[in-house]
Amino acid sequence: QVQLVESGGGLVQAGGSLRLSCVFSGCTFANCAVGWFRQAPGKEREFVARISWTGTRRNYAISVKGRFTISRDNAENTVYLQMNSLKPEDTAVYFCAAGSGGTDGADGYDYWGQGTQVTISS
């Protein structure tokens, strides 16, 4: 059974940085492309970034491109989201998800973590 656990959220000031971690288990190259999504209060869940199993393919939402970096260490079963130059509008619950990959859509991911709260103060 595939499981994902996020950590690293918190409260930081605008302009600061956070690194989120997503520890995964029970998945392989066939179903362990990983995406990060976020959901702010009153808004729909939105795509943030994704990475293939090998790490060679990555994609970012326009709103975070140049500020966020997704990476993974399969030896540690962990995917990271380094978030720099944070803005108040980045405030949301951040989720990691695993699936066969190749899509920015949430429907393309079969397994989800419970989320971690990120709050950016102005």
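Note that the structure is predicted; figures quoted are calculated from it, not measured.
In this structure a side-chain-to-backbone donor-acceptor pair under 3.5 Å is missing from Gln117 to Gly10. With hydrogens and angles disregarded, a donor-acceptor distance shorter than 3.5 Å links the side chain of Thr78 to the backbone of Glu76. Side-chain atoms of Arg38 do not come within 3.5 Å of backbone N or O of Glu46 as any donor-acceptor pair. In this structure, the side chain of Glu6 engages the main chain of Cys96 through a donor-acceptor pair within 3.5 Å. Although no hydrogens or angles enter the test, the distance criterion places no donor-acceptor pair under 3.5 Å between the side chain of Thr119 and the main chain of Thr91. The main-chain N or O of Gly9 is found under 3.5 Å from a side-chain atom of Thr116 such that the two form a donor-acceptor pair. Using modelled atom types, no side-chain atom of Arg57 and backbone atom of Trp53 make a donor-acceptor pair closer than 3.5 Å.
Transitive grouping of hydrophobic side chains (ILVMFWY, heavy atoms separated by less than 4.5 Å) keeps Phe47 and Val34 in distinct clusters. No continuous path of hydrophobic side-chain contacts links Leu4 to Trp112 [ILVMFWY only; heavy atoms under 4.5 Å]. In the hydrophobic clustering of this structure, Val93 does not group with Leu86; members are Ile, Leu, Val, Met, Phe, Trp, Tyr whose side-chain heavy atoms approach within less than 4.5 Å, directly or through other members. Residues Val12 and Tyr94 fall within the same hydrophobic cluster, defined by Ile, Leu, Val, Met, Phe, Trp and Tyr side chains chained together at heavy-atom separations under 4.5 Å.
The shortest non-hydrogen separation linking Phe95 to Gln39 is CE1-CB, 4.2 Å. Of all heavy-atom pairs spanning Pro88 and Ala14, the tightest one is CD-CB, 4.1 Å. Here the closest heavy-atom approach between residue Asp90 and residue Arg67 is recorded as OD2-NH1, 2.8 Å. Contact between Val2 and Cys27 at its shortest, heavy atoms only, is CG2-CB, 3.7 Å. Of all non-hydrogen atoms in Val79 and Phe24, the two that sit nearest each other are CG2-CE2, 4.0 Å.
Contact annotation: the side chain of Arg72 never approaches that of Cys22 to less than 4.5 Å [non-hydrogen atoms, C-beta and beyond]. In this structure, Leu11 and Ser121 have side chains that are in contact, with non-hydrogen atoms separated by less than 4.5 Å. Residues Ile120 and Lys87 fail the side-chain proximity criterion, which asks for heavy atoms closer than 4.5 Å. No side-chain heavy atom of Val64 sits less than 4.5 Å from a side-chain heavy atom of Met83. At least one side-chain heavy atom of Phe68 sits under 4.5 Å from a side-chain heavy atom of Leu81. Tyr111 has its side chain within reach of Asn31: a pair of non-hydrogen atoms, C-beta onward, lies under 4.5 Å apart.
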Problem set entry | Stepwise side-chain contact (heavy atoms from CB on, under 4.5 Å) test for Gln82 and Ser71 | CA-CA 8 Å; Gln82 178 67 43; Ser71 62; over 6 Å; no
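Here the options are Ile70, Leu20, Ile51, Asp73, the test is side chain to side chain contact (heavy atoms under 4.5 Å, CB included), and the partner is Tyr80; only Asp73 passes.
Within the 6.0 Å centre-distance limit, the rings of Tyr109 and Phe37 are counted as a close aromatic pair.
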